[in-house]
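Heads up, the thing below is written out as structure tokens.
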Amino acid sequence: MKVGFVQFEPVFGEKERNIQRMLSLLDVGAGEEADLLVLPELCSTGYRFMSEEEVRSLSEEIPNGRTTETLIRFAEEAGLYIVAGICERSSDRYFNSAVLVGPEGFVAKYRKAHLFDEEKLWFTRGDTPFQVHSIAKAKVGMMICFDWFFPEVIRILALKGAQIVCHPSNLVLPYCQSALLGAAIQNRVFIITANRIGFERGLRFTGMSQIVDPAMRVLAKGERDKEEVRVVEVDPQFSDSKKVTERNNLWADRRVDLYTPLLKI
Ligand code: ACM
């Protein structure tokens, strides 16, 4: 299976321009025969909203919105799956969401559970469960950017059978790329972080999108400030073995009897 990330620089508020840029980069990934491509968080709108009016005018319904519909068309024509971050409107609420679309059309939506900083001014906290979806060649889950800071998210996705965690991002802190090496080995999953680059309304994004495998190897890493598409070959079943040593299994060795404080404190 071939998986990849699209790292690019959306321009705030220029939705049509951003969609066209995404499409040309997705074309590059499709040309490399990718089966799954991951785009950044809020990829068609930009990140730093400054008024509710901006959120209202740039947001869209899922799946009947301009960005999702365009991605569905691309996925159908190219015969691949795409995960992308979308600014979602749902009646009078807004969510920082991600969609999974594929050759069969719309597959799933995830709403970011852990909002970062000013996102709390505009978005409602996500209410969708952490779910795993079977696509043609793998089982995939989604989380969005700051969700990574909460290890429960990847843990639940891995426990539910995710082989690949797709991670649309707009990272500004310097920790994620290193920390997710640990998450990959601790859960034995592939993690595809698709980050954006550039400077927007006072925020600098960190680029360095990456694909990490269940043995903590970095299979591809983007540069800090360059638009790029990287596609690598992976075997999703590599994630299924939770054996660590002859006597250690990642799931069987868990001490859930001692973990009850996790749900109480
Ligand atoms: C972030 O969650 N966009 C930092």
Side-chain angles (χ1 to χ4, degrees), residues 1-5 32-38 80-81 83 98 100 102 107-108 110 113-114 128-169 171 173-195 208-222 230-265:
M1 175 179 191
K2 286 190 169 181
V3 302
F5 62 72
E32 293 191 35
E33 298 182 337
D35 299 293
L36 169 66
L37 290 169
V38 184
L80 50 70
Y81 288 85
V83 171
L100 169 64
V107 178
Y110 164 72
H114 304 92
T128 46
F130 307 112
Q131 271 182 330
V132 175
H133 311 279
S134 288
I135 61 172
K137 297 180 180 171
K139 285 180 265 179
V140 303
M142 293 183 272
M143 65 174 186
I144 301 175
C145 204
F146 192 53
D147 279 329
W148 79 266
F149 217 90
F150 301 84
E152 294 85 355
V153 179
I154 299 181
R155 190 59 146 195
I156 291 168
L157 290 173
L159 282 166
K160 287 187 167 183
Q163 295 163 320
I164 302 173
V165 174
C166 302
H167 183 211
S169 293
L171 293 159
L173 300 178
Y175 314 117
C176 174
Q177 289 89 339
S178 303
L180 286 189
L181 302 186
I185 189 74
Q186 288 161 355
N187 296 283
R188 295 269 174 160
V189 286
F190 291 89
I191 305 173
I192 305 173
T193 298
N195 196 15
M208 296 184 285
S209 298
Q210 64 184 16
I211 303 171
V212 188
D213 85 354
M216 232 172 85
R217 290 177 293 228
V218 180
L219 306 181
K221 185 150 185 157
R230 297 288 301 275
V231 175
V232 298
E233 179 91 39
V234 299
D235 175 5
Q237 289 182 3
F238 181 38
S239 166
D240 294 341
S241 170
K242 304 299 180 186
K243 182 175 164 180
V244 181
T245 71
E246 275 312 310
R247 294 172 190 78
N248 292 105
N249 178 283
L250 187 55
W251 288 165
D253 284 357
R254 294 169 68 236
R255 291 297 307 277
V256 287
D257 55 321
L258 299 176
Y259 299 165
T260 46
L262 275 179
L263 295 179
K264 295 198 179 118
I265 297 172

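Side-chain atoms are counted along with the backbone in the values below, which use heavy atoms only and exclude waters and symmetry mates.
- You'll find the side chain of Tyr81 stays beyond 4.5 Å of the side chain of Leu37, heavy atoms only.
- By the side-chain hydrogen bond (donor to acceptor under 3.5 Å, both in side chains) test, His133 pairs with no residue at all, sequence neighbours left out.
- Under the side chain to side chain contact (heavy atoms under 4.5 Å, CB included) criterion, Ser134 pairs with Lys139, sequence neighbours left out.
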Exercise for the section: Go through the steps for Met143 and Cys166 under the test side chain to side chain contact (heavy atoms under 4.5 Å, CB included), then give the verdict. Expected result: CA-CA 6 Å; Met143 65 174 186; Cys166 302; over 6 Å; no
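- Residues that satisfy the side-chain hydrogen bond (donor to acceptor under 3.5 Å, both in side chains) test with Ser239, not counting sequence neighbours, are absent from this structure.
- Val189 and Ala183 get closest at one heavy-atom pair: CG2-O, 4.5 Å.
- Counting heavy atoms from C-beta on, the side chains of Val244 and Arg188 come closer than 4.5 Å.
- Counted within 6.0 Å of OH on Tyr175, heavy atoms from surrounding residues, nucleotides or ligands total 12 or fewer; the atom is thus considered open.
- With rounding to the nearest 0.5 Å, the separation of OG1 in Thr260 from CD1 in Ile265 is 8.5 Å.
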Exercise answer: donor-acceptor pairs, residues 150-161 side-chain atoms, under 3.5 Å, sequence neighbours excluded:
from: Arg155; atom 1: NH1; to: Gln186; atom 2: O; distance (Å): 2.9
from: Arg155; atom 1: NH1; to: Asn187; atom 2: OD1; distance (Å): 3.0
from: Lys160; atom 1: NZ; to: Phe130; atom 2: O; distance (Å): 2.8

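- Asp147 meets the side-chain hydrogen bond (donor to acceptor under 3.5 Å, both in side chains) test with Tyr110, His114; sequence neighbours excluded.
- Pairs passing the salt bridge (Lys or Arg N to Asp or Glu O under 4.0 Å) check and including a residue from residues 256-265, sequence neighbours excluded, read Arg255-Asp257.
- Atom CG of Leu250 and atom NZ of Lys242 lie 6.0 Å apart (nearest 0.5 Å).
- From Ser169, atom OG reaches atom CZ of Phe146 across 12.0 Å, with rounding to the nearest 0.5 Å.
- Listed by chain and residue number, Asn248 satisfy the side-chain hydrogen bond (donor to acceptor under 3.5 Å, both in side chains) test with Thr245 (two or more places apart in sequence, or in another chain).
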For residues 230-237, dump all side-chain donor-acceptor pairs below 3.5 Å to protein atoms at least two apart in sequence or in another chain.
from: Arg230; atom 1: NH1; to: Lys221; atom 2: O; distance (Å): 3.1
from: Glu233; atom 1: OE2; to: Met1; atom 2: N; distance (Å): 3.0
from: Asp235; atom 1: OD1; to: Gln237; atom 2: N; distance (Å): 3.1

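- A side-chain donor-acceptor contact under 3.5 Å links Ser209 to the backbone of Asn195.
- Counting heavy atoms of neighbouring residues, nucleotides and ligands inside a 6.0 Å radius, atom CD of Glu32 exceeds 12 of them.
- Between the side chain of Gln210 and the main chain of Gln177, a donor-acceptor pair closer than 3.5 Å is present.
- Salt-bridge annotation for Lys137 and Asp35: present, with a side-chain N of the basic residue lying under 4.0 Å from a carboxylate O of the acidic one.
- With values rounded to the nearest 0.5 angstrom, Ile211 atom CD1 is found 10.0 Å from Phe190 atom CZ.
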Got a list of side-chain donor-acceptor pairs under 3.5 Å for residues 212-220, not counting sequence neighbours?
from: Asp213; atom 1: OD1; to: Ala215; atom 2: N; distance (Å): 2.8
from: Asp213; atom 1: OD1; to: Met216; atom 2: N; distance (Å): 3.1
from: Asp213; atom 1: OD1; to: Arg217; atom 2: N; distance (Å): 2.8
from: Asp213; atom 1: OD2; to: Arg217; atom 2: NE; distance (Å): 2.8
from: Asp213; atom 1: OD2; to: Arg217; atom 2: NH2; distance (Å): 2.8

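- Residue Val38 forms a side chain to side chain contact (heavy atoms under 4.5 Å, CB included) with just one option from Val140, Val165, Ile164, Ile192, and that option is Ile192.
- Note that CZ of Phe5 and OG1 of Thr193 are 9.5 Å apart. Values are rounded to the nearest 0.5 Å.
- The closest side-chain heavy-atom distance from Ile191 to Trp148 is not below 4.5 Å.
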